[in-house]
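Below, read A as the first sequence line, B as the second, and so on, with proteins coming before strands; counting in each chain starts at 1.
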There are 2 protein chains.
Amino acid sequence: MTSERFTEVRGHPLFKNISDGSFEALARGAYVQNFPPHTELISEGEAADFLHIVLSGSVELFCSWESRETTMATVWPVSAFILAATIRDRPYLMSGRTLGKTRIMLVPSQDVRAVFESDSEFAKAIVAELANFYRASIKNTKNLKLRTSKERLANYLIKCSRREENCLVFELQYEKRRLASYLGMTPENLSRSFNALKPFGVQVDGQKVRLEDLEKLIAFAKPTDLIDGYE
Amino acid sequence: MTSERFTEVRGHPLFKNISDGSFEALARGAYVQNFPPHTELISEGEAADFLHIVLSGSVELFCSWESRETTMATVWPVSAFILAATIRDRPYLMSGRTLGKTRIMLVPSQDVRAVFESDSEFAKAIVAELANFYRASIKNTKNLKLRTSKERLANYLIKCSRREENCLVFELQYEKRRLASYLGMTPENLSRSFNALKPFGVQVDGQKVRLEDLEKLIAFAKPTDLIDGYE
DNA sequence: CGTCCTTTTGAACATTGTCAAACACTGTGG
DNA sequence: CCACAGTGTTTGACAATGTTCAAAAGGACG
């Protein structure tokens with residue numbers, strides 16, 4: 001039974017409500033591959049031949065232009081990426097590389113498009129997923145255009161804390177240089193921004209972060225669901 | 001015959017392939033309204049009660065946070081906006097105001113969601129639309145994070161020229177203060193950026209722009225479809 | 001002709017980026 | 001176990017970029 005091969009992804013919002021037949025059709029041409037750290041999986045400009053789904057590890061999505069580079073997002077399990085390029089049969093707009101050792105499920109784009117045409121439950125799930133992606137991207141733009149780098153960092157830290165039930169001590173999920181790039185600044189500037197947040201109770205030691213006065217930090221950062229909400 | 005009321009939008013990608021019955025269902029509760037210039041149609045945070053479609057005039061989408069404001073996009077006829085909020089039944093992430101005198105078609109969100117559930121052609125059209133919006137937003141983020149303000153302006157001008165069959169003389173479509181905000185800078189900085197582009201053949205007089213050396217400007221701006229493409 | 005608004009210009013300032021060096025951390029190989 | 005290279009982080013001095021404030025110039029419109 002083919003559909004039992006990919007139980008890990010069956011519960012993902014994209015596949016939860018589709019028929020067994022549709023899932024079979026997707027699973028038939030799909031395969032799972034293991035990648036070592038720092039492997040470039042896709043490059044911007046390439047044809048979108050496969051829908052990628054991260055099963056374990058993580059993938060950094062980044063973009064380049066004229067020898068500059070910026071981190072756009074990090075994808076954690078279990079999530080799909082480059083869905084829009086796949087469904088529209090357009091070239092990737094972002095490149096992707098593994099951070100740690102990473103397991104990826106690859107589904108041929110033509111199969112995704114075929115099932116999209118035939119299974120309206122799948123089409124609906126794709127609409128929900130794309131709408132969420134779009135709204136996340138709009139929030140990101142607001143964050144970039146309306147806030148200074150210090151404010152972006154403060155709100156990022158609050159978001160980390162919220163994600164772990166408002167825990168006041170946590171580890172940064174990835175290197176500071178990547179975090180800096182994600183937040184739209186240089187590593188040097190990130191380092192200085194951390195220092196500038198000390199008066200608001202932000203303590204950093206390596207990857208460990210302690211928020212000693214969340215109230216004060218929130219008063220400074222002024223987070224709002226319209227920018228910082230998970231949806 | 002209800003469906004003959006809204007012939008202007010029948011050819012829009014969202015509605016082109018849907019059944020007459022579906023179009024009727026959308027048209028039944030829909031209405032068209034005229035708005036004077038500078039009228040706020042929607043405010044971020046509000047419930048998305050209607051899908052908006054610009055029939056004539058134009059609408060500025062903008063966002064605010066802590067007394068700062070930024071222009072996110074301008075919507076021209078015939079285009080829908082805030083589709084993602086409508087379909088997901090979430091609050092608006094952006095506010096919208098008319099620029100000139102503007103005619104808007106308003107379709108109740110619940111009708112949009114109902115037809116989305118019943119008509120798979122409509123669902124497919126929505127997928128295409130959302131995917132395009134998402135990719136446009138990613139391109140916008142790349143533009144903001146990878147380029148300086150001068151480079152953003154140069155590429156914007158090239159895009160204007162391209163839109164009019166590479167015409168070297170054209171008018172800016174809206175005020176410079178809005179353009180500045182859209183490009184992520186202050187009006188003062190925009191003014192200086194225009195001056196800084198003079199060596200590349202950029203001549204500005206009021207709203208009129210002349211590109212006297214497109215080759216040179218392109219050599220400076222280095223446009224790419226992966227950021228500047230219309231799709 | 002004035003009034004209001006936008007745009008431009010200038011100067012001071014703030015923020016962010018660049019470059020170079022020091023430092024810390026990690027893992028390797030002797 | 002230590003020396004060492006390689007990488008990432010922090011710091012300082014400086015440069016570039018972008019913002020703010022104030023004022024002048026230009027346009028639109030009654």
Are OP1 or OP2 of dT15(C) and a side-chain N or O of Thr148(A) less than 4.0 angstrom apart?
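Result: no.
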
Please tell me if Thr186(A) has a side-chain N or O lying less than 4.0 Å from either OP1 or OP2 of dT16(C).
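No, outside the criterion.
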
Can you tell whether the side chains of [X] and [Y] come within less than 4.0 Å, N to carboxylate O?
X: Glu8(A); Y: Arg103(A); value: yes
X: Glu212(A); Y: Arg210(A); value: yes
X: Glu164(A); Y: Lys159(A); value: no
X: Glu44(A); Y: Lys142(B); value: yes
X: Arg177(B); Y: Glu188(B); value: no

Round to a whole Å and report the spacing from [atom1] of [X] to [atom2] of [N].
X: Arg68(B); N: dT19(D); atom1: CZ; atom2: P; answer: 11 Å
X: Leu183(A); N: dT16(C); atom1: CG; atom2: C1'; answer: 14 Å
X: Arg152(B); N: dT17(D); atom1: CZ; atom2: P; answer: 12 Å
X: His38(B); N: dC5(C); atom1: NE2; atom2: P; answer: 11 Å
X: Leu153(B); N: dT8(C); atom1: CG; atom2: P; answer: 11 Å
X: Glu171(B); N: dG27(D); atom1: CD; atom2: C1'; answer: 14 Å
X: Arg147(A); N: dG18(D); atom1: CZ; atom2: C1'; answer: 20 Å

In degrees, rounded to 10°, what is the bend between the two ends of the helix from dC1(C)-dG30(D) to dG30(C)-dC1(D), using five pairs at each?
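The value is 30°.
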
Between the protein and nucleotides 22-27 of chain C, are there any N/O to N/O pairs under 3.5 Å, and if so, what are the atom names and distances?
none

Set of residues satisfying ring pair (Phe, Tyr, Trp, His ring centres under 6.0 Å) with respect to Tyr92(B), sequence neighbours excluded:
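Here no residue qualifies.
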
Are the side chains of Ile126(B) and Leu83(B) in touch, meaning some heavy atoms are under 4.5 Å apart?
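Yes - at least one pair of side-chain heavy atoms lies under 4.5 Å apart.
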
Of all residues at least two apart in sequence or in a different chain, which pass the side-chain contact (heavy atoms from CB on, under 4.5 Å) check with Ile218(A)?
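Ile218(A) satisfies side-chain contact (heavy atoms from CB on, under 4.5 Å) with Ile158(A), Leu214(A), Pro223(A) only.
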
Filtered N/O pairs between nucleotides 6-12 of chain D and protein, under 3.5 Å:
from    : atom 1 : to        : atom 2 : distance (Å)
dT9(D)  : OP1    : Lys176(A) : N      : 2.8
dT9(D)  : OP2    : Arg177(A) : N      : 3.1
dT10(D) : OP1    : Lys176(A) : NZ     : 2.7
dT10(D) : O5'    : Ser191(A) : OG     : 3.3
dT11(D) : OP2    : Asn195(A) : ND2    : 2.8
dG12(D) : N7     : Arg192(A) : NH2    : 2.5
dG12(D) : O6     : Arg192(A) : NH2    : 3.1

Does Arg97(B) count as lying over the ring of Phe62(B), i.e. NZ or CZ under 6.0 Å from the six-ring centre, within 45 degrees of the axis?
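Positive - Arg97(B) is close enough to the ring of Phe62(B) and near enough to its axis.
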
Does anything in residues 193-226 of chain B form a ring pair (Phe, Tyr, Trp, His ring centres under 6.0 Å)? List the pairs, not counting sequence neighbours.
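Listed by first then second residue: Phe200(B)-Phe220(B).
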
Please identify which of these residues, Arg162(B), Arg152(B), Arg147(B), meets the salt bridge (Lys or Arg N to Asp or Glu O under 4.0 Å) condition with Asp228(B).
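Among Arg162(B), Arg152(B), Arg147(B), the one meeting salt bridge (Lys or Arg N to Asp or Glu O under 4.0 Å) with Asp228(B) is Arg147(B).
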
